[in-house]
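If you read the sequence from its start, that first residue is 1, and numbering goes on from there. Every heavy atom of this structure was used, including side-chain atoms; hydrogens, water molecules and symmetry mates were not.
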Amino acid sequence: MRISGRDGGWDRVRADLEEHAVAVLHARLADWRPDGVGGPRLRALLGRDWDRYLELAHPHVRMRFAASRALLKYAAAVALRVPPHTVELGYGLTGRPCLRGCDAVDISLSHTEDLLLVGLSTRGLIGVDAERADRPLYTRGLHRNVCTPHETAALEQLPHHRRGAELVRLWTLKEAYSKAIGQGLRLRFTEFGFGGGDGPEPVRVLTPEGAPGTGDEWQFRTFSVDGERVDGEYVDGGYVVSVAASDAGFGGTRDTAARTLLDPLVIEAVTEALGDDAEPEGEGEGEDEAGAGGQGDLLGW
């Protein structure tokens, strides 16, 4: 789904999480461009990412960094039902983002040119990736460094005009899957492949020789954003978006509100340690006022 700005579409994101345990949203960079380069609201929103933001020298790279983190925090705030500036991001060894203090909601982030992409899941791991539909991967011979022997053979059986679109699809699937499992570029793309996706056959991870590599616990989807795919070929430009999502086998967490996820005994111990004067910020305010999409000042820059 597309999120056109800070004030729209969040009810649908929450509904997707409650019904499907997965939500994927995309936005345009222009809709999430920060108003100021170093304003106090932007600093509060970025939190621990503020220093990293300041280290980026190129203005466009800095703007895209801020916009993508803002979108990710707003989306996570919807799931946790907290103000976006209270969401803190952490990063693994490969740069994979996570929500600090909350492992019930898995997140993934991707951006390319002016497209921002965020994935949320409450049932397992998730990875998302986006690429220009017309990126000339095949004509540059990159398939030799991307495809397994099984994929290369399947690619060469396609009409020449369809090979570029298929390679972009495979590229985004591999990026999404490697992000989901936290490997990033550490996992060489020639060490695993993909098959299926034609007709009713689901997409599956395959070994380099074409044998099954995963089971039903993983699901994969590929979509066209601002474009169209006709006869296996992407037309009218746009982007190719792929999603990899796993099912941990415990079902989705329907109530992901931060207050629900906190252990009452831990809260009691912390409150006792802070003393009687300690009162949670925003105590007495309605949930709608504390959540994304509920008020103006907390959602501003």
TODO: Apply side chain to side chain contact (heavy atoms under 4.5 Å, CB included) to the pair Trp171 and Leu137, showing each step before the final yes or no.
DONE: CA-CA 9 Å; Trp171 176 281; Leu137 296 178; 3.9 Å; yes
- [ ] Can you measure from CG (Asp16) to OG (Ser121) and round to the nearest 0.5 angstrom?
- [x] 12.0 Å
- [ ] Would you list the pairs meeting salt bridge (Lys or Arg N to Asp or Glu O under 4.0 Å) in which at least one residue belongs to residues 177-192, sequence neighbours left out?
- [x] Asp129-Lys179
- [ ] Determine, stepwise, if the pair Phe223 / Tyr239 fulfils ring pair (Phe, Tyr, Trp, His ring centres under 6.0 Å).
- [x] CA-CA 8 Å; Phe223 309 93; Tyr239 298 89; over 10 Å; no
Task: Stepwise side chain to side chain contact (heavy atoms under 4.5 Å, CB included) test for Phe192 and Thr148 - done: CA-CA 7 Å; Phe192 68 102; Thr148 65; 5.7 Å; no
Open item on the list: Any heavy-atom pair between the side chains of Thr214 and Glu217 that's under 4.5 Å?
Closed with: yes
TODO: With rounding to the nearest 0.5 Å, note down the distance linking CG in Leu206 to CZ in Phe194.
DONE: 8.5 Å
TODO: Using ring pair (Phe, Tyr, Trp, His ring centres under 6.0 Å) as the criterion, list what pairs up with His143, not counting sequence neighbours.
DONE: Tyr138
TODO: Say whether, by atom type as modelled, one donor and one acceptor occur between the side chain of Thr86 and the main chain of Val82 under 3.5 angstrom.
DONE: no
Task: Interatomic spacing from CZ in Arg64 to NE2 in His111 - rounded to 0.5 Å - done: 5.5 Å
Open item on the list: Hydrogens and angles aside, do Ser242 and Thr222 bring a side-chain donor and acceptor to less than 3.5 Å of each other?
Closed with: yes
Task: Residue pair Thr94 / Gly182: nearest heavy atoms and the distance that separates them - done: OG1-O, 3.0 Å
Open item on the list: Using every non-hydrogen atom in the two residues, find where Lys73 and Val87 come nearest and quote the distance to one decimal.
Closed with: NZ-O, 2.9 Å
Open item on the list: Tell me whether Arg2 is salt-bridged to Asp31, with the criterion being a basic N under 4.0 Å from an acidic carboxylate O.
Closed with: yes
Open item on the list: Do Arg52 and Arg69 make a side-chain contact, defined as non-hydrogen atoms from C-beta onward lying under 4.5 Å apart?
Closed with: yes
TODO: Please examine the side chains of Thr190 and Val146, heavy atoms only from C-beta on, and report whether any two atoms are closer than 4.5 Å.
DONE: no
- [ ] Specify the closest pair of heavy atoms between Leu72 and Ser108, including all atoms of both residues, with the distance to one decimal.
- [x] CD1-O, 4.4 Å
Task: Arg135 with Glu131: basic N within carboxylate O range, under 4.0 Å - done: yes
Task: Salt bridge flag under 4.0 Å for residues Arg43 and Asp49 - done: no
Open item on the list: Quick check for you: to the nearest 0.5 Å, what is the distance between Leu120 atom CG and Leu80 atom CG?
Closed with: 9.0 Å
TODO: Check Ser110 against Ala130 and note the closest heavy-atom contact, atom names and distance.
DONE: OG-N, 3.4 Å
Task: Interatomic distance, Trp32 atom CH2 to Arg6 atom CZ [nearest 0.5 angstrom] - done: 7.0 Å
Open item on the list: Side chains of Val118 and Val24, heavy atoms from C-beta outward: is any pair under 4.5 Å?
Closed with: no
Open item on the list: If you define the side chain from C-beta out and look only at heavy atoms, does anything of Cys147 sit under 4.5 Å from Leu155?
Closed with: yes
Task: Non-neighbouring partners of Gln219 that pass side chain to side chain donor-acceptor pair (under 3.5 Å), sequence neighbours left out - done: Arg123
Open item on the list: Assess whether a salt bridge exists between Arg169 and Glu166, defined as any Lys/Arg side-chain N lying under 4.0 Å from an Asp/Glu carboxylate O.
Closed with: yes
Open item on the list: Would you say that Leu29 contacts Leu115 through its side chain, given a criterion of any heavy-atom pair below 4.5 Å between the two side chains?
Closed with: no
TODO: Check whether any side-chain heavy atom of Val128 lies under 4.5 Å from a side-chain heavy atom of Leu109, and answer yes or no.
DONE: no
TODO: Return the minimal non-hydrogen interatomic distance between Trp50 and Gly39, and the atom names on each side.
DONE: CH2-O, 4.3 Å
Open item on the list: Testing Leu17, Leu99, Val78, Ile126 one by one against Val105 for a side chain to side chain contact (heavy atoms under 4.5 Å, CB included), which residue passes?
Closed with: Leu99
Open item on the list: Among residues at least two apart in sequence or on other chains, which ones pass side chain to side chain contact (heavy atoms under 4.5 Å, CB included) with Pro136?
Closed with: Thr139, Arg140
- [ ] Report the C-alpha separation of Arg204 and Asp216 in whole Å, then their side-chain angles, then the decisive distance to 0.1 Å, and conclude whether the salt bridge (charged side-chain N to carboxylate O under 4.0 Å, His left out) test is met.
- [x] CA-CA 8 Å; Arg204 289 284 184 266; Asp216 295 335; 2.6 Å; yes
TODO: Check the pair Arg132 / Glu113 against side chain to side chain contact (heavy atoms under 4.5 Å, CB included), numbers first and verdict last.
DONE: CA-CA 8 Å; Arg132 285 284 310 181; Glu113 296 186 354; 3.0 Å; yes
Open item on the list: Please evaluate residues Ile107 and Leu89 with respect to the criterion side chain to side chain contact (heavy atoms under 4.5 Å, CB included), reporting the C-alpha separation (whole Å), side-chain torsions for both, the decisive distance (0.1 Å), and the verdict.
Closed with: CA-CA 10 Å; Ile107 60 174; Leu89 302 179; 4.0 Å; yes
Open item on the list: Donor-acceptor pair, distance only, cut-off 3.5 Å: does the side chain of His20 make one with the backbone of Val22?
Closed with: no
Task: 4.5 Å side-chain heavy-atom contact, Gln183 and Tyr177 - done: no
TODO: Identify the heavy atoms of Ser178 and Phe189 that sit nearest to each other, and give their distance.
DONE: OG-CE2, 4.1 Å
Task: Inter-residue atom distance Arg62.CZ - His60.NE2, 0.5 Å rounding - done: 13.5 Å
Open item on the list: According to salt bridge (Lys or Arg N to Asp or Glu O under 4.0 Å), does anything in residues 82-106 pair up with another residue at least two apart or in another chain? List the pairs.
Closed with: Arg48-Glu88, Arg96-Asp106
Open item on the list: Can you pull out every salt bridge (Lys or Arg N to Asp or Glu O under 4.0 Å) where at least one residue sits in residues 144-157? Sequence neighbours excluded, please.
Closed with: Glu151-Lys174
